[in-house]
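Here the structure is laid out as structure tokens; the discussion comes afterwards.
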Amino acid sequence: MMKLSLTLLVAVWLSAVSGNDNNKNNNNNNNNNNNNRKPNIIFVLADDYGFNDIGYHGSQIATPNLDKLASDGVKLENYYVQPICTPTRSQLMTGRYQIRTGLQHDVIHAEQPNGLPLDETTMVEKMKEAGYATHLVGKWHLGYYREEYLPWNRGFDSYFGYLNGMETYYAHKQNFSDGNWYLDLRDQNGPVHSEEGHYSGHLFTEKAIDVVQAHDPRKPLFLYLAYQSVHGPLQVPEKYERPYRHIQNQHRRIYAGMVAVLDEAVGNFTQALKDKGLWEDTILVFSTDNGGQVFTGGNNFPLRGWKHTLWEGGCHGIGFVSGGRLPVSGVVNRELIHVSDWFPTLVGLAQGSLNGTKPLDGVDQWDTISRGTPSKRTVLLHN
Ligand SMILES: *[C@@H]1O[C@H](CO)[C@@H](O)[C@H](O)[C@H]1NC(C)=O
Ligand SMILES: *[C@@H]1O[C@H](CO)[C@@H](O)[C@H](O)[C@H]1NC(C)=O
Ligand SMILES: *[C@@H]1O[C@H](CO)[C@@H](O)[C@H](O)[C@H]1NC(C)=O
């Protein structure tokens with residue numbers, strides 16, 4: 001009984017606080033009834049995106065949409081991820097270091113019978129428990145060798161994307177060690193053969209926009225938009241490369257075009273959220289999964305190292321939080337934040353419960369993000 005009334009009190013207090021927090025939004029629109037609603041939560045993950053490849057880090061590549069979102073929100077300038085794909089993605093999904101999940105050694109390779117252990121609770125399952133519609137568009141890379149490991153059995157209502165770490169951007173195929181090329185593009189119903197020639201930066205954006213347009217706004221939305229961009233192979237429609245023809249290095253030139261697609265993609269996608277009337281009720285997180293790959297055009301200046309190294313260039317990520325439900329804007333946050341922190345932070349935002357999870361390594365960082373209080377984290381495990 002005691003516990004119950006305390007919970008009730010906390011809930012009332014929380015809605016009072018979130019009411020105050022939304023003054024920013026209330027000045028912008030007349031939508032005063034939304035303050036107690038659970039926010040839509042969008043997580044945009046870019047692949048192999050270099051620290052020096054975003055406009056506001058002084059890049060030679062223009063990223064006007066990402067810059068605008070970041071400057072309207074909170075830039076995370078002391079933000080860490082893992083140096084490679086699978087570990088970062090596993091921490092995002094579980095809030096736990098990969099020394100606990102057996103995913104420490106490397107990425108999951110295409111022919112390995114391996115996956116995010118089934119006794120781990122995913123962030124998505126927690127979102128679903130909290131009443132969210134849950135969708136993944138893009139890359140999974142957390143195992144697929146048995147049905148149970150597939151994204152729609154890990155909490156996602158819908159899935160469209162590829163299951164491995166990399167593939168070609170137009171044909172959506174990967175070269176396996178047997179020398180054959182295999183299609184890796186599917187939804188929860190089976191392989192998708194009809195998108196050959198459709199560049200994934202555009203394809204995934206269109207699919208994410210489809211999710212937004214079909215969404216019933218009475219439910220909160222959780223969308224994990226895990227772009228293929230800007231991982232190798234270096235492929236981009238010529239028109240995106242053209243503005244960078246002054247760049248001598250061919251890898252860098254194509255890569256610049258790939259970043260331009262990513263920026264346009266996020267611009268289109270956020271416009272779709274606005275058109276649907278969801279933006280004012282949305283928290284959007286943008287993150288890289290690891291440092292840029294300098295051998296395929298990425299640049300992490302002034303940081304040393306690159307993807308797959310434990311130097312800063314391998315694991316100091318780009319991160320920012322934006323969206324109409326964010327109570328602050330124009331903030332640069334220099335507190336220590338780690339990719340494992342998103343699990344408790346976003347489940348907290350969703351007013352979800354952390355019951356049933358194994359001990360978390362992540363900590364809830366919403367206070368530091370939304371109010372600038374000191375980070376609750378003083379150390380992190382890189383490796
Ligand atoms: C495909 O993979 C095989 C085996 O790893 C390799 O020998 C071959 O060169 C690759 N082909 C291409 C076109 O990359
Ligand atoms: C963004 O939208 C414009 C206008 O519809 C379209 O031409 C462009 O291809 C889209 N870009 C991406 C990356 O989705
Ligand atoms: C956690 O709490 C939620 C909401 O109170 C409840 O629906 C769910 O069954 C609980 N899960 C576990 C594993 O106890």
Side-chain angles (χ1 to χ4, degrees), residues 40 42-50 53-56 59-70 72 135-139 158-162 166-173 184-187 192 194-215 221 223-245 247 252-279 282 284-289 292 296-298 318 320 322-323:
N40 304 305
I42 311 288
F43 200 100
V44 179
L45 192 63
D47 204 349
D48 287 8
Y49 187 29
D53 299 331
I54 194 157
Y56 67 82
S59 183
Q60 69 185 141
I61 309 170
T63 57
N65 293 299
L66 295 172
D67 291 352
K68 173 79 167 62
L69 283 171
D72 284 348
H135 306 274
L136 166 52
V137 175
K139 171 167 162 177
S158 86
Y159 174 70
F160 183 94
Y162 60 111
M166 65 172 293
E167 60 180 5
T168 57
Y169 279 80
Y170 293 98
H172 316 292
K173 288 182 179 167
D184 183 359
L185 187 71
R186 59 171 302 144
D187 58 25
V192 173
S194 53
E195 299 294 350
E196 178 153 5
H198 200 166
Y199 189 74
S200 87
H202 298 93
L203 175 58
F204 293 156
T205 305
E206 288 164 27
K207 291 292 173 183
I209 291 173
D210 287 349
V211 165
V212 165
Q213 286 175 348
H215 178 67
L221 169 67
L223 172 62
Y224 175 26
L225 178 49
Y227 276 107
Q228 178 176 8
S229 312
V230 291
H231 198 296
L234 289 163
Q235 295 181 317
V236 76
E238 203 272 332
K239 77 166 189 179
Y240 294 93
E241 186 186 337
R242 208 175 303 140
Y244 295 101
R245 55 183 177 266
I247 297 178
R252 183 70 177 157
R253 188 168 64 242
I254 300 171
Y255 177 94
M258 293 164 74
V259 170
V261 172
L262 175 67
D263 183 72
E264 184 181 281
V266 174
N268 284 6
F269 170 69
T270 48
Q271 187 57 48
L273 284 167
K274 288 171 187 165
D275 293 346
K276 176 84 174 178
L278 297 179
W279 184 248
T282 292
L284 180 143
V285 179
F286 180 90
S287 173
T288 48
D289 68 333
T296 53
I318 296 172
F320 66 78
S322 195

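Both ligands and their constituent atoms are indexed starting at 1 by order of listing.
Residues that satisfy the side chain to side chain contact (heavy atoms under 4.5 Å, CB included) test with N65, not counting sequence neighbours, are D263. With sequence neighbours excluded, no residue forms a salt bridge (Lys or Arg N to Asp or Glu O under 4.0 Å) with R186. D47 meets the salt bridge (Lys or Arg N to Asp or Glu O under 4.0 Å) test with R89, K139; sequence neighbours excluded.
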N or O contacts of ligand 2 with protein under 3.5 Å, please list pair by pair.
| from | atom 1 | to | atom 2 | distance (Å) |
| --- | --- | --- | --- | --- |
| ligand 2 | 2 (O) | N268 | OD1 | 3.2 |
| ligand 2 | 2 (O) | N268 | ND2 | 2.3 |
| ligand 2 | 11 (N) | E264 | OE2 | 2.5 |
| ligand 2 | 11 (N) | N268 | ND2 | 2.9 |
| ligand 2 | 14 (O) | N268 | ND2 | 3.2 |

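Using cut-offs of 30° and 60° on the angle between ring planes, the pair F204 and F160 is perpendicular.
A donor and an acceptor atom, one from each side chain of Y227 and S200, are nowhere located under 3.5 Å apart. No side-chain donor from either of Q60 and Y244 sits under 3.5 Å from a side-chain acceptor of the other.
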